[in-house]
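Lettering follows sequence order; numbering is per chain, from 1.
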2 protein chains.
Amino acid sequence: MKDIKHFLRQNSLRPTKQRVIIANYLFDGINKHVTAETLSNKLLKMKAGISLATIYNTLHDFYEKGLLKKLMINSERIYFDTNTEHHHHFYSKNDQKLIDINVDMKVSGLPKPPKNKKINKIEVLVHLDN
Amino acid sequence: MKDIKHFLRQNSLRPTKQRVIIANYLFDGINKHVTAETLSNKLLKMKAGISLATIYNTLHDFYEKGLLKKLMINSERIYFDTNTEHHHHFYSKNDQKLIDINVDMKVSGLPKPPKNKKINKIEVLVHLDN
DNA sequence: TCAATACATTAGAATCGTTCTAAACTGATA
DNA sequence: TATCAGTTTAGAACGATTCTAATGTATTGA
Ligand SMILES: [Mn+2]
Ligand SMILES: [Mn+2]
Ligand SMILES: [Zn+2]
Ligand SMILES: [Zn+2]
């Protein structure tokens, strides 16, 4: 992303020092799956001393503006996904890693949803061994 | 289940008062999705004064013996499923409820897994609106 | 330019589901 | 029935996340 400050402003987010650093990292063109912890570690390596509270705040702010997707994969932590298109994932529990599945998959044989409910979205999670 | 004590013994679990009550409820022939909290509430209504610690212990003991499946649907709580067959779910975030999808669904167009990894299982979660 | 102010950052406390600890209890066995 | 391994339990601890409230900063309009 060339002009992160402009990008943040466009999304009604003040381009603070912290948000610029985080947005520069997250939206560098390479899709990422981060947790508060993995992001914090990455920022520490970059010598960016951003508090955990701000990391949580920023992830949620970005999420609220639709810049990130939330993935509820396991009960231990929340993943945020920079790929906001509808897509599926490989998940390796072993190395706690997600990999995007961008090809168009089809689910067939789906039964009707229960009365008065309608399908919002279908999520396929492919668990990997090892 | 007719003989819960025998059933527990068969699974190398001592048929204690608490386990018998919980197993009688969980394995009554109707598949269930419970959390520690929903199970605790149900047991309270049945006037069974079983501590939360025991509820957690028992759910995990049953899980370890393969009598329950664990479902990591969201980051707020762990669901245990009495249906241990491979199957999929409708999930209503709104009423925090899971519904089994027992029909045989097919996922087509799945790409190859990454090098050195193989597919363990495919889980389809159908999110319901409302 | 520069207050005034609305918004953002932060350390640390609080929350909450879950796990751990260690003392009391009980089912299995002889 | 005594023994003891396995179980239950209250309450403490844990860990991810959220909250609080004090401090800092981006924005803006005079
Ligand atoms: Mn939890
Ligand atoms: Mn969490
Ligand atoms: Zn993704
Ligand atoms: Zn199920």
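Across the interface with DNA chain C, nearest-nucleotide mapping of B/P15 and B/Y56 shows B/Y56 to be the residue nearer the 5′ end. A residue-by-residue look at B/R9 and B/K70 shows that B/K70 has its nearest nucleotide of DNA chain C further toward the 5' end. The 5' end of DNA chain D is approached more closely, in terms of each residue's nearest nucleotide, by B/T16 than by the other of A/L52 and B/T16.
Among D/dA5, C/dC7, D/dA10, the nucleotide with an atom closest to any side-chain atom of B/R14 is D/dA5. In this structure, the nucleotide among C/dT18, D/dC19, C/dC20 sitting nearest to the side chain of B/A53 is C/dC20.
B/N57 comes within 4.0 angstrom of a base, heavy atoms only.
We find that CD of A/E76 is positioned 12 Å from C1' of C/dG17, with the value rounded to whole Å. Counting to the nearest Å, the P atom of C/dT18 and the OH atom of B/Y63 are 14 Å from each other. For the pair A/L59 CG and D/dA16 C1', the computed distance is 13 Å after rounding to whole Å. Here C/dT26 presents its P atom at 19 Å from CG of B/L13, a figure rounded to the nearest Å. B/I78 places its CD1 atom 12 Å from the P atom of C/dG17, with the value rounded to the nearest Å. Following rounding to the nearest Å, B/D61 (CG) and C/dG27 (C1') show an atom-to-atom distance of 15 Å. For the pair B/M72 CE and C/dG17 C1', the interatomic distance rounds to 12 Å; values are reported in whole Å. When the C1' atom of C/dG27 is taken as reference, atom CD1 of B/I4 falls 17 Å away, rounded to whole Å.
Contact annotation: B/R19 side-chain N/O to C/dG27 OP1/OP2 distance is not under 4.0 Å. Remark: A/H60 is in phosphate contact with D/dT18, judged by side-chain N or O atoms under 4.0 Å from OP1 or OP2. Note on B/S51: every side-chain N or O is 4.0 Å or more away from OP1 and OP2 of D/dT8. Contact check, A/Q18 against D/dG24: no side-chain N or O comes under 4.0 Å of OP1 or OP2.
Between atom NE2 of residue B/H86 and atom NZ of residue B/K69 there is a gap of 6.0 Å, rounded to the nearest 0.5 Å.
Ion pairing between a basic and an acidic side chain is recognised when a charged N comes within 4.0 Å of a carboxylate O; A/K106 and A/D104 show such pairing.
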(request) Could you check A/I119 against B/L128 for side-chain contact (heavy atoms from CB on, under 4.5 Å), going step by step and ending with a plain yes or no? (result) CA-CA 5 Å; A/I119 292 172; B/L128 299 174; 4.2 Å; yes
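Between B/N31 and the choices B/N102, B/T84, B/N83, B/I99, the side-chain contact (heavy atoms from CB on, under 4.5 Å) rule is met once, by B/N83.
A side-chain N or O of A/D100 and one of A/H33 form a donor-acceptor pair less than 3.5 Å apart.
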